[in-house]
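The next block holds one structure in the form of structure tokens; read it before the comments.
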Amino acid sequence: MNLLVTGGAGFIGSNLIHHIIDDPKIEHLVNLDCLTYAGHLESLERVARNPKYAFERVDLRDKNAVAAIVENHSITHVMHLAAESHVDRSITGPGDFIHTNIVGTFNLLESVRAAWAGKLDGKRFHHVSTDEVYGSLGAEGYFTEATPYAPNSPYSASKASSDFLVRSYHHTYGLPVVTTNCSNNYGPYQFPEKLIPVIIESICLRRAIPVYGDGMNVRDWLYVRDHAEALWQVLTRGQEGETYNIGGHNEWANIRIVELICDVMDELAPHLGGDSRKLITFVKDRPGHDRRYAIDAGKIERELGWTPAHTFETGLRETVQWYLNNQDWVKRVKKPQ
């Protein structure tokens with residue numbers, strides 16, 4: 001397996017590479033990343049000298065450069081994670097999401113279609129997507145692989161578009177694809193703009209913890225290292241042409257997460273002053289804020305035997321401790337590039 005991981009310097013990508021780099025199936029692993037504000041080689045220092053590993057600083061929007069990477073490294077498998085992914089940024093600047101998530105995916109699909117023409121045996125293109133393409137749930141029910149798409153933000157609309165592109169390349173050109181749609185991830189190496197690292201950093205700095213609206217928006221949370229294992233199982237054992245939803249069986253309202261992190265931080269870092277819940281501050285809700293996501297991950301459990309290994313409480317405690325132990329990493333990645 002000559003594996004191309006796009007977005008490998010990002011949050012999920014770096015955790016994935018750490019998780020799979022030593023698997024004997026992999027002969028060569030290429031990390032393609034353009035190192036935007038959310039991509040950091042600091043997250044991959046432990047694997048940088050691995051003889052299997054290579055890094056290529058390439059933007060997916062550069063179709064010729066992408067094609068050259070696929071060809072020059074004799075890529076046989078792709079795990080496509082690279083994407084603009086922060087909903088707030090998609091509201092204020094949707095153009096980057098259209099060009100990276102849609103056009104970038106198109107360029108990658110065209111590159112492997114050309115390189116693999118007439119040689120599809122033993123190849124696999126794994127497209128990594130999000131549960132946000134399904135829209136918003138009410139108080140009941142779950143997203144399944146058959147749930148109609150109903151994206152409500154420029155981010156989720158761009159990811160839905162890329163999902164459909166991947167599907168079309170399977171049905172039109174026979175490209176051997178699999179797709180995964182995952183719930184919210186948390187864990188080490190997440191850029192401090194997402195909810196959980198924002199809470200942790202706010203407490204460390206004794207700043208107000210911003211909570212949108214009434215704080216009762218519900219998400220299904222999955223520890224990133226459990227996600228990495230699920231992605232590997234789908235790449236290597238998933239059925240061609242199929243979609244697998246990946247979730248944590250783990251619904252939490254945002255305000256409850258904030259309160260839990262406050263309590264864990266007060267326990268693990270009492271020197272910060274304690275009583276962190278007093279920092280909670282409710283702010284105006286963002287436009288198009290989906291009320292609830294929840295994943296039915298029964299298909300991946302039935303077909304591939306995958307279930308998450310971490311509870312939210314254990315994974316969150318590990319995450320808080322990681323950020324407390326790695327404040328140097330936080331400071332480095334927050335520096336303007």
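Since the model is a prediction, treat every value here as computed from it, not as a measurement. Reckoned from all heavy atoms, side chains included, excluding hydrogens, waters and symmetry mates.
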Show, in sequence, the C-alpha distance, side-chain angles and deciding distance for Arg317 and Glu267, and conclude whether the salt bridge (charged side-chain N to carboxylate O under 4.0 Å, His left out) test is met.
CA-CA 10 Å; Arg317 179 173 288 269; Glu267 177 190 343; 2.9 Å; yes

For His28, does the NE2 atom have more than 12 heavy-atom neighbours from other residues, nucleotides or ligands under 6.0 Å away?
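It does: His28 NE2 has more than 12 such atoms within range.
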
Over all heavy atoms of both residues, which pair between Ser14 and Gly10 is shortest? Give the atoms and the distance, please.
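Smallest heavy-atom distance, with atoms named: OG-O, 2.7 Å.
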
Minimum-distance pair of heavy atoms, taken over all atoms of Gly248 and Leu222:
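Shortest heavy-atom separation between Gly248 and Leu222 comes out as CA-CD1, 3.9 Å.
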
Just by distance, do the side chain of [X] and the backbone of [Y] share a donor-acceptor pair under 3.5 Å?
X      : Y      : result
Lys299 : Thr144 : no
Thr100 : Phe97  : no
Asp220 : Ser183 : no
Asn15  : Pro188 : yes
Asn31  : Phe55  : no
Ser158 : Asn101 : no
Gln327 : Tyr323 : yes
Asp62  : Val58  : no
Thr314 : His310 : no
His127 : Val166 : no

Salt-bridge contact [X]-[Y] (side-chain N to carboxylate O under 4.0 Å):
X      : Y      : answer
Asp214 : Arg291 : yes
Arg286 : Asp88  : yes
Glu201 : Arg207 : no
Glu45  : Arg332 : yes

Evaluate the side-chain hydrogen bond (donor to acceptor under 3.5 Å, both in side chains) criterion for residues Ser276 and Arg206: first the C-alpha distance (whole Å), next the side-chain angles of each, then the deciding distance (0.1 Å), finally the verdict.
CA-CA 8 Å; Ser276 294; Arg206 307 313 290 175; 3.2 Å; yes

Do [X] and [Y] make the cut of ring centroids closer than 6.0 angstrom?
X      : Y      : answer
Phe282 : Tyr212 : no
Tyr293 : Tyr134 : no
Trp322 : Trp329 : yes
His170 : Phe125 : no
Phe191 : His40  : yes

Does His249 have any ring pair (Phe, Tyr, Trp, His ring centres under 6.0 Å) partners at least two apart in sequence or in another chain, and if so, which?
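For His249, no residue satisfies ring pair (Phe, Tyr, Trp, His ring centres under 6.0 Å) once neighbours in sequence are set aside.
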
I'd like to know whether His126 forms a side-chain contact (heavy atoms from CB on, under 4.5 Å) with Leu231, so could you lay out the CA-CA distance, the side-chain angles of the two residues, the decisive distance to 0.1 Å, and finally the verdict.
CA-CA 8 Å; His126 181 177; Leu231 294 177; 3.6 Å; yes

According to a 4.5 Å side-chain heavy-atom criterion applied to Ile, Leu, Val, Met, Phe, Trp and Tyr, with indirect links allowed, do [X] and [Y] form part of one hydrophobic cluster?
X     : Y      : result
Phe11 : Leu32  : no
Val87 : Ile102 : no
Leu35 : Leu4   : no

In the structure I gave you, are the side-chain heavy atoms of Leu3 and Val30 within less than 4.5 Å of one another anywhere?
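No, side chains not in contact.
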
Scan side-chain atoms only and decide if [X] and [Y] contain a donor-acceptor pair under the 3.5 Å cut-off.
X      : Y      : result
Tyr37  : Arg89  : yes
Thr76  : Trp116 : no
Arg167 : Thr243 : no
Glu84  : His99  : no
Ser74  : Asn2   : no
Arg225 : His19  : no
Gln233 : Tyr244 : no
Asp163 : Asn181 : yes

Where do Leu60 and Thr105 land on the side-chain contact (heavy atoms from CB on, under 4.5 Å) test, with the steps shown first?
CA-CA 7 Å; Leu60 283 176; Thr105 299; 5.8 Å; no

Go through it in stages, so that I can follow the logic: the residues are Ile280 and Glu259, the test is side-chain contact (heavy atoms from CB on, under 4.5 Å), and I'd like the CA-CA distance, side-chain angles, deciding distance and then a yes or no.
CA-CA 8 Å; Ile280 296 172; Glu259 292 169 344; 4.1 Å; yes

Determine the interplanar angle of the Phe312 and Trp221 rings, folded into 0 to 90°, and report it as parallel if under 30°, tilted if 30 to 60°, perpendicular if over 60°.
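Ring orientation, 0 to 90° scale: tilted.
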
Does Val320 form a side-chain contact (heavy atoms from CB on, under 4.5 Å) with Leu268? I'd like the steps, not just the answer.
CA-CA 8 Å; Val320 169; Leu268 297 180; 4.0 Å; yes

Please report the C-alpha distance between Arg219 and Asp290 in whole Å, then the side-chain angles of each, then the deciding distance to 0.1 Å, and finally whether the salt bridge (charged side-chain N to carboxylate O under 4.0 Å, His left out) criterion is met.
CA-CA 9 Å; Arg219 299 293 182 264; Asp290 293 331; 5.4 Å; no

In Å and rounded to the nearest 0.5 Å, what is the CG to CH2 distance from Leu195 to Trp252?
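Leu195 atom CG to Trp252 atom CH2 measures 12.5 Å (nearest 0.5 Å).
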
